Amino acid sequence: MMGISIWQLLIILLIVVMLFGTKRLRGLGSDLGSAISGFRKSVSEGDSTPAAQESVRHEVK
């Protein structure tokens with residue numbers, strides 16, 4: 001099984017930059033980063049909801 005070499009990755013990156021442009025890729029990266037941080041925030045808040053805390057209290061007793 002052959003892996004992808006660094007040159008193949010660079011060629012793919014070059015093609016993607018030529019197709020989308022750096023400005024659009026920067027915006028896409030920013031949107032992706034904010035989506036990931038929002039997801040992490042919702043997951044961490046989801047663990048501390050009253051229903052989750054109530055179920056933990058019942059398990060401890």
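Every value quoted in this text rests on a predicted model; they were computed, and no experiment measured them.
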How many angstroms lie between CG in L9 and CG in L14, if you round to the nearest 0.5 Å? 12.5 Å
Please say whether more than 12 non-hydrogen atoms of neighbouring residues, nucleotides or ligands are located less than 6.0 Å from CG in L10. yes
Sequence neighbours excluded and cut-off under 3.5 Å, please list the side-chain donor-acceptor pairs for residues 15-35, or say none.
| residue | atom | partner | partner atom | Å |
| --- | --- | --- | --- | --- |
| S34 | OG | S30 | O | 3.3 |
| S34 | OG | D31 | O | 2.9 |

